[in-house]
Amino acid sequence: MVDRLGKIYAKLHDHFGPQGWWPADGPFEMVIGAILTQNTTWKNVEKAIASLKAEGLLDPMDLIKTGPDEIQRLIRPTGYFRQKTERLLAISYAIIDKWDGDLGNLFKKPASQARQELLSFKGLGPETVDSILLYAGNKPVFVVDAYSKRICERLGLIKTKDYNELQRFFESNIPVDVEVYKEFHALLVALGKEYCSSNEANMKCHLCPLEADCETGLLAQV
DNA sequence: GGCCAGGTCAAAG
DNA sequence: CTTTGACATGGC
């Protein structure tokens with residue numbers, strides 16, 4: 001399985017090229033993006049981040065000085081704007097009075113401890129937290145999302161839908177390397193967006209190895 | 001108009 | 001322990 005995942009990674013990298021994730025100007029902006037992108041297209045997140053940036057609010061201290069109504073208005077395009085505003089404010093307060101104003105202090109801790117601390121926030125689940133650890137903290141933590149689950153299922157790589165089991169599957173079958181983790185996750189999203197929609201009718205089956213005509217597919221000979 | 005998007009939580013079954 | 005509903009906007 002180590003070998004198969006390695007081949008999948010190589011094929012995806014050949015096909016899509018380097019993804020350069022996460023697109024963010026600094027760790028705090030990355031954290032904001034991780035929260036805002038929950039069940040939402042990145043396109044809408046870009047709008048919201050641009051709005052926050054235009055108001056000079058991409059900083060925990062400036063954010064908490066702003067009224068919730070104003071934040072809700074600025075992030076409206078990302079959906080769930082009331083909940084997400086709460087989450088942005090909660091993490092901002094934590095950065096200031098728990099991590100002394102610097103996310104770097106969180107990332108100095110062992111990954112497992114930082115992970116537990118982040119998971120204790122309401123609204124920060126495993127994917128959001130692991131994205132933060134990997135892309136903002138450069139911790140070797142593999143990020144599992146809806147696409148990686150679906151791709152694993154359709155390729156018959158592993159049956160479980162459990163987050164922790166899927167994460168363990170990837171982490172124990174690819175090299176422990178932050179850059180590889182980042183790139184692999186981003187590549188799985190790229191593949192998923194194009195060829196592995198949740199709606200099977202939208203799948204481009206010529207590239208899906210589970211379909212009959214997939215011999216020439218991207219992953220067919222893996 | 002219906003379905004989906006780089007999820008998460010609380011309440012049921 | 002698994003399933004379901006709520007949260008919400010924008011694009012196709």
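Since this is a predicted model, take the numbers as computed values, not measurements. We name chains A, B, ... by the order of the sequence lines, and we start the count at 1 in each one.
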request  = For nucleotides C/dT2 and B/dA5, find the distance between their P atoms and express it as a whole number of Å.
outcome  = 23 Å
inquiry  = What is the distance, to the nearest angstrom, from the CG atom on A/Asp162 to the C1' atom on C/dT3?
reply    = 15 Å
request  = Determine the interatomic distance between P on C/dG10 and the same-named atom on B/dT8; round to the nearest Å.
outcome  = 22 Å
request  = Mind calculating the distance between CZ (A/Arg76) and C1' (C/dC7) to the nearest angstrom?
outcome  = 13 Å
Salt bridge flag under 4.0 Å for residues A/Lys7 and A/Asp3 = yes
ask   = Roughly how many Å is it from CH2 in A/Trp42 to C1' in B/dG7, rounded to a whole number?
value = 15 Å
message = Let's see if you get this right: which residues in residues 119-132 of chain A place a heavy atom under 4.0 Å from DNA chain B?
response = A/Phe121, A/Lys122, A/Gly123, A/Leu124, A/Gly125, A/Pro126, A/Glu127, A/Thr128
remark   = Rounded to whole Å, CZ of A/Arg150 lies from P of B/dG7 at a distance of 9 Å
ask   = Rounded to the Å, how far apart are A/Gln83 CD and C/dG5 C1'?
value = 12 Å
key: Within one Ile-Leu-Val-Met-Phe-Trp-Tyr cluster: A/Leu188 and A/Tyr181, side-chain cutoff 4.5 Å   = yes
message = In whole Å, I'd like the distance from the CZ atom of A/Phe81 to the P atom of B/dT8.
response = 20 Å
query = Who passes salt bridge (Lys or Arg N to Asp or Glu O under 4.0 Å) against A/Arg73, sequence neighbours left out?
reply = A/Glu70
inquiry  = Students often mix this up, so state it plainly: with edges at 30° and 60°, are the rings of A/Trp99 and A/Phe121 parallel, tilted or perpendicular?
reply    = tilted
request  = Sticking with atom P, work out how far B/dG1 lies from C/dA8, rounded to a whole angstrom.
outcome  = 22 Å
task = Tell me what A/Ala186 touches on the nucleic acid: a base, only sugar-phosphate, or nothing, going by heavy atoms under 4.0 Å.
result = nothing
Euclidean distance, atom OH of residue A/Tyr163 to atom C1' of B/dC9 [Å, nearest integer] = 17 Å
inquiry  = Is the phosphate of C/dA8 approached by A/Arg73 (side-chain N or O, under 4.0 Å from OP1 or OP2)?
reply    = no
query = Among the clusters formed by ILVMFWY side chains lying less than 4.5 Å apart, do A/Leu36 and A/Trp21 turn up in the same one?
reply = yes
ask   = Would you call the rings of A/Tyr135 and A/His185 parallel, tilted or perpendicular if under 30° counts as parallel and over 60° as perpendicular?
value = tilted
inquiry  = In this structure, how many angstroms lie between the P atom of C/dA6 and the CG atom of A/Asn39, rounded?
reply    = 15 Å
query = How would you label the contact of A/Lys84 with the nucleic acid (heavy atoms, under 4.0 Å): base, sugar-phosphate, or nothing?
reply = nothing
ask   = Base, sugar-phosphate, or nothing for A/Tyr80, non-hydrogen atoms under 4.0 angstrom?
value = base
same_hphob_cluster(A/Leu63, A/Ile35) at 4.5 Å side-chain heavy-atom cutoff = yes
task = Would you indicate, yes or no, if C/dA8 has its OP1 or OP2 atom less than 4.0 angstrom from a side-chain nitrogen or oxygen of A/Arg82?
result = yes
